[in-house]
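Presented below is the structure to which this report refers.
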Amino acid sequence: MSFTRQMPERYREQGSDGGEVAYNLLRAGVGEALPGVKDPDIAALHAWALVHGLAMLILDRRIDWDEAMVEQVVGLTFGGVD
């Protein structure tokens, strides 16, 4: 929930909702996982959109939660990344 717009209490208490730190970690990690991508922001957006889309499909009950399926879908982009 770090990236939702519904976190004003955390922002007021800590001066941040943690989103910037989380994004920078994502950007660095995906930059390493996808070394062929020249722009780490594009790589981070790709990863974020992928997992966000999957999460929304599951939460909206458009698809059933299936850990093996999620692993396969994410593996299409990040296969073999530990």
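Start at 1 with the first residue, then count along the sequence. Source: prediction; values computed, not measured. Excluded from the calculations below are hydrogen atoms, water molecules and symmetry mates; all remaining heavy atoms, backbone and side chain alike, are included.
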[Y] reachable from [X] in the ILVMFWY side-chain graph, under 4.5 Å edges:
{"X": "V51", "Y": "V37", "answer": "no"}
{"X": "V73", "Y": "F78", "answer": "yes"}
{"X": "L26", "Y": "L50", "answer": "yes"}
{"X": "L34", "Y": "V74", "answer": "yes"}

Quiz item: Between CG of L59 and CG of L54, what distance do you get to the nearest 0.5 Å?
Solution: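 If we round to the nearest 0.5 Å, L59:CG and L54:CG are 10.5 Å apart.
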
Quiz item: If you round to the nearest 0.5 Å, how far is NE2 of H52 from CG of L57?
Solution: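 The NE2 atom of H52 is 9.5 Å from CG of L57, to the nearest 0.5 Å.
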
Exercise. Considering non-hydrogen atoms only, spot the tightest contact between A44 and V30 and give its length.
Key: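 Closest approach of A44 to V30, heavy atoms only: N-CG1, 4.0 Å.
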
Quiz item: Can you name the nearest heavy-atom pair linking R27 to D41, along with the distance?
Solution: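 Nearest pair, atom of R27 first, then D41: NE-OD1, 2.8 Å.
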
Quiz item: Would you say D39 has more than 12 foreign heavy atoms packed within less than 6.0 Å of its CG?
Solution: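 Result for CG/D39: enclosed.
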
Self-check item: Verdict with reasoning, M69 to I63, per side chain to side chain contact (heavy atoms under 4.5 Å, CB included)
Solution: CA-CA 10 Å; M69 178 272 305; I63 60 174; 3.7 Å; yes

